[in-house]
Protein chains: 2
Amino acid sequence: MAASAPISRTIYFGPFAHSTSLTTLEIEPQGAIGVDSNGVIRFVERNVSSLPALLSSLQTAKEEDWTDAKVVSIPNTTAGFFFPGFIDTHVHAPQHPNTGLFGKTTLLDWLQKYTFPMEASFSNASRAQRVYQNFVSRTLSHGTTTAAYYATIHVEATNTLAFICRERGQRALVGRVCMNSDLSPEYYRDKSVETSYADSKASIEYIRSLDPKGEIVKPIITPRFAPSCTPQCLSAMGQLAKETDAHIQTHISENKGEIELVKSLFPDSESYAQVYDTHGLLTDKTILAHCVYLGADERKLILARKSKISHCPASNTAITSGCAPIRSLLDEGHTIGLGTDVSGGFSPSILENVRQAIWVSRHLCIQTDSEAVKLSTEEALYLATRGGAAVVGMQDKVGGFEVGKEWDAQMISLGPVAEDGNETGEFEDGPVDVFGWESWPDKVEKWVYSGDDRNTVAVWVRGRLVHETIRYPYYREGSEYDLPSDTTP
Amino acid sequence: MAASAPISRTIYFGPFAHSTSLTTLEIEPQGAIGVDSNGVIRFVERNVSSLPALLSSLQTAKEEDWTDAKVVSIPNTTAGFFFPGFIDTHVHAPQHPNTGLFGKTTLLDWLQKYTFPMEASFSNASRAQRVYQNFVSRTLSHGTTTAAYYATIHVEATNTLAFICRERGQRALVGRVCMNSDLSPEYYRDKSVETSYADSKASIEYIRSLDPKGEIVKPIITPRFAPSCTPQCLSAMGQLAKETDAHIQTHISENKGEIELVKSLFPDSESYAQVYDTHGLLTDKTILAHCVYLGADERKLILARKSKISHCPASNTAITSGCAPIRSLLDEGHTIGLGTDVSGGFSPSILENVRQAIWVSRHLCIQTDSEAVKLSTEEALYLATRGGAAVVGMQDKVGGFEVGKEWDAQMISLGPVAEDGNETGEFEDGPVDVFGWESWPDKVEKWVYSGDDRNTVAVWVRGRLVHETIRYPYYREGSEYDLPSDTTP
């Protein structure tokens with residue numbers, strides 16, 4: 001299994017940036033991060049003047065010999081840096097072909113018109129193979145090193161997605177979607193509660209057999225959302241969660257019509273959150289997507305259960321769901337990450353959702369005339385990395401650069417503006433223009449607000465290279481540029 | 001002058017799409033558009049089965065011989081099409097290096113912190129040359145064939161921008177910014193009303209000497225906004241407009257603090273719009289950027305004066321200005337286009353602003369619970385092309401494909417998904433994934449919601465090629481692929 005095969009010890013040499021708290025982004029222009037043959041960070045050095053100086057200080061101070069380590073260095077140290085991989089806490093892989101298609105629909109008609117027909121087609125194994133391979137390529141190219149995926153109701157296609165993630169080396173929670181109520185068309189729903197339970201269990205077992213230690217892929221129990229499941233089905237999923245100690249993901253409080261529907265379907269429940277709690281689905285391993293209109297009691301309940309929140313700003317804007325009150329949820333102590341929610345969301349990029357989280361917070365500010373609700377760039381980047389890591393239960397492993405964490409990272413490269421101003425009209429280095437006089441915080445902001453996948457030139461998970469663009473050699477072994485074949489997954 | 005030199009007659013062969021009304025987008029899968037040696041469209045044919053059939057029908061039906069014309073054909077006719085060039089009705093070229101930098105500021109502190117220091121630096125001619133060359137390359141690469149540019153207060157740098165636009169063949173209104181009040185720092189404002197008048201006039205005369213017929217570049221009188229100008233200065237600009245019959249551009253009603261400031265600075269005026277009207281600045285050649293909080297009387301006044309509106313949704317969101325009520329402005333009969341408003345706006349792309357216009361309208365829908373305020377994809381594309389053309393007074397020349405209009409167009413190419421799902425992680429054709437089963441409206445929507453400059457593979461203004469990516473040959477002369485050197489500007 002490529003994703004756990006030993007790799008060469010490697011020093012990642014050059015500027016790096018990562019969140020150190022919700023409000024603080026550390027930018028270190030002269031960094032060096034040592035990663036061992038298991039992909040674990042062994043040192044994080046700052047103010048490093050040169051590679052020989054680093055190697056000698058490691059020998060002196062730590063009695064460690066890193067002279068035979070590979071070196072991966074930032075080629076353009078004035079406009080490139082390492083950044084933690086992004087974590088997508090809510091994304092529907094089978095909806096990828098519908099990205100950008102929603103017209104003027106909102107949640108409930110969008111599901112019927114676009115989503116269910118597309119998902120149903122994943123009974124076709126070759127379609128699943130092609131779309132999932134394509135989507136994992138896409139999300140990796142955007143620097144997504146971990147994703148919490150919804151698949152479809154089909155066990156085979158769900159397992160295909162998990163297999164592809166493991167092969168490609170992308171960390172993933174992969175969930176067979178469970179839905180048995182007649183909200184869904186007859187052609188696309190579980191035939192019975194027994195089927196729901198058995199199929200979800202079968203997929204959990206397959207994924208655990210694929211990756212027994214859960215190093216790359218793990219299963220996640222995925223009741224679509226309350227209106228898609230009968231109470232018996234929700235109970236069966238709660239039961240399954242108990243038996244398997246698996247993660248859980250579902251949707252909550254996304255859209256006003258949906259909330260009314262839940263009230264009518266579950267008249268005995270005090271709230272939408274209560275529906276899940278009653279059925280054993282609010283655990284500290286539960287990811288709740290959206291949380292746009294939660295009541296005060298629901299927020300308290302979710303906090304008490306230590307369930308996590310996935311904020312999906314692009315989706316909430318595109319299908320006109322609403323503006324999730326992220327500032328007050330953060331103030332209350334909720335654990336929050338970002339989700340692309342493809343294809344309610346129109347982009348597989350978490351960087352785009354960093355921007356969208358900021359726009360949504362500004363629209364809340366416009367609505368409420370309160371400056372306090374605005375998210376800063378630093379806060380949105382925190383949600384995209386450390387926040388997301390906590391949502392998927394990997395806060396000890398990924399999300400930032402510290403000794404003991406694993407090397408899930410992307411190399412960002414920003415294009416310098418030529419002296420002639422790029423008169424030829426060629427922009428091979430992507431959409432960000434760096435003139436040379438910018439401060440480091442300005443360069444990072446330029447990436448955040450105008451960058452895209454072209455700026456993510458290499459991506460690693462657990463120290464293994466999982467994506468790279470082929471524009472230029474950025475590897476250096478000793479003093480030679482060299483593409484190390486054994487780090488290719 | 002390259003931009004007016006004769007070119008070869010050319011047939012643009014393949015699918016095309018354009019707005020035929022505010023709510024209708026025509027998509028013709030089998031099109032052919034003939035452009036004469038002046039860059040003017042001579043025929044627009046539909047349902048064309050083949051090139052020989054077209055040529056013979058032209059000969060029979062119109063007695064026209066196009067057999068010796070060049071042919072530019074869409075290489076991938078299942079996922080490529082011609083589309084009108086975009087029109088950016090409000091953009092500050094010197095702020096380009098600040099793109100993405102605004103932090104948590106809003107209009108008035110943003111001007112002081114970011115904008116004025118950057119603009120002041122354009123006293124340096126080599127900076128102006130580099131930044132403007134770079135920015136024109138960027139906007140062309142995003143398919144912007146016409147732009148209404150604000151420059152800075154410097155005559156020389158303003159003229160440099162106009163010169164570059166003419167050389168590169170991008171249609172432009174170019175305005176020297178006029179500002180003499182003490183809102184601006186002493187280091188960056190006109191020294192007196194006389195300077196304001198003389199410098200603005202000097203730039204107008206230069207630009208008219210550069211392009212006497214105004215085929216590519218025209219001057220535009222540019223009082224920054226009311227708080228930047230004393231009443232005497234505004235009057236001088238009104239006087240200059242009268243004397244020169246030039247276009248006018250300014251800002252209005254962008255931000256609540258700004259509106260209060262205008263009230264306090266112009267206590268005798270009934271409204272912000274009234275300030276401009278009093279000084280002769282509301283004409284049918286005036287472009288008013290933003291219009292977020294206009295009162296009913298102001299809207300009526302603007303309509304009566306036939307002044308035009310530039311909607312800048314990305315900017316209004318990014319610096320938390322507000323949501324312009326575009327639906328009701330359209331219903332009242334206003335003429336509206338889109339503006340990127342770089343660098344209040346964080347992107348030089350009108351396509352991004354098509355999306356942002358839709359997001360802003362959805363946020364208005366969320367705020368007001370009225371579905372009616374939503375803009376459709378078709379409407380936003382209309383604003384980006386025909387709407388913009390009317391705003392800059394070029395509705396008879398550009399914005400759509402009809403006989404008699406000039407060929408301002410972009411070739412859009414969407415990437416097909418490989419059968420293996422792009423397992424290698426390479427996406428050379430850009431960010432849009434076309435699986436092959438999509439309808440034409442779906443393909444266009446995919447471009448609108450997930451496309452970027454990578455999908456704009458060639459751009460023409462007046463039939464002259466002004467931008468191209470170099471990935472593949474899309475020219476065909478007779479049956480040969482051939483890059484026609486004489487169409488390069």
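A note on names: the letters A, B, ... follow the listed sequences, proteins ahead of strands, and every chain is numbered from 1.
Heavy atoms closer than 4.5 Å to chain B are found in the backbone of A/Asp420, but not in its side chain. Neither the backbone nor the side chain of A/Trp447 comes within contact range of chain B, judged by heavy atoms closer than 4.5 Å. Within the 4.5 angstrom heavy-atom criterion, only side-chain atoms of A/Asp369, from C-beta onward, approach chain B. With a 4.5 angstrom heavy-atom cutoff, A/Ala418 touches chain B only via backbone atoms. In this structure, chain B has a heavy atom under 4.5 Å from the backbone of A/Asn316, while its side chain stays farther away. Only the backbone of A/Leu375 has a heavy atom closer than 4.5 Å to any heavy atom of chain B. Proximity to chain B involves both the backbone and the side chain of A/Thr317, based on heavy atoms less than 4.5 angstrom apart. Only the side chain of A/Thr106 has a heavy atom closer than 4.5 Å to any heavy atom of chain B.
One distance of note links NE2 of B/His467 with OG1 of B/Thr469; it measures 6.0 Å at 0.5 Å rounding.
A donor-acceptor contact shorter than 3.5 Å links the side chain of A/Asn98 to the backbone of A/Tyr114. The closest donor-acceptor contact from the side chain of B/Asn353 to the backbone of B/Ala314 lies under 3.5 Å. The backbone N or O of B/Ala318 sits less than 3.5 Å from a side-chain atom of A/Arg362, completing a donor-acceptor pair. For the pair B/Arg327 (side chain) and B/Lys374 (backbone), a donor-acceptor distance under 3.5 Å is present. In this structure, the side chain of B/Gln170 engages the main chain of B/Thr144 through a donor-acceptor pair within 3.5 Å.
Put simply, of A/Glu423, A/Glu352, A/Glu445, A/Lys446, the one with the most heavy-atom pairs under 4.5 Å next to chain B is A/Glu423. Options A/Asn422, A/Asp433, A/Asp452, A/Asp442 differ in how many heavy-atom pairs under 4.5 Å they form with chain B, and the most are formed by A/Asp433. With chain A as the partner, the residue from B/Phe346, B/Phe102, B/Phe435 showing the most heavy-atom pairs under 4.5 Å is B/Phe435. Between chain A and the residues B/Gln356, B/His96, B/Glu438, the most heavy-atom pairs under 4.5 angstrom are made by B/His96. By number of non-hydrogen pairs under 4.5 angstrom with chain B, the leading residue of A/Cys323, A/Ser347, A/Ser450, A/Pro431 is A/Pro431. Contact tally against chain B (heavy-atom pairs below 4.5 Å) for A/Val434, A/Ile358, A/Asp453: the top residue is A/Asp453. Residue with the most contacts toward chain B among A/Ile366, A/Ile319, A/Thr99: A/Ile366 (heavy-atom pairs, distance under 4.5 Å).
Contact record, B/Ser121 with B/Arg127: OG-NH1, 2.7 Å, taken as the closest heavy-atom pair. Closest of all the heavy-atom pairs between A/Pro325 and A/Val292 is CD-O, 3.4 Å. The minimum heavy-atom distance between B/Val448 and B/Arg355, with the atom names listed, is O-NH1, 2.8 Å. When all heavy atoms of A/His290 and A/Ala324 are compared, the closest pair comes out as O-CB, 3.7 Å. Heavy atoms only, all atoms of each residue included: B/Thr456 and B/Val459 are closest at CG2-CG2, 3.4 Å. Heavy-atom minimum distance, B/Tyr293 versus B/Gly322: OH-CA, 3.5 Å.
Contacts with chain A (heavy atom to heavy atom, under 4.5 Å) involve these residues of residues 128-142 of chain B, listed by number: B/Arg130, B/Val131, B/Gln133, B/Asn134, B/Ser137, B/Arg138, B/Ser141.
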Derivation of the side-chain contact (heavy atoms from CB on, under 4.5 Å) call for A/Thr145 and A/Gln410 = CA-CA 9 Å; A/Thr145 49; A/Gln410 44 187 324; over 6 Å; no
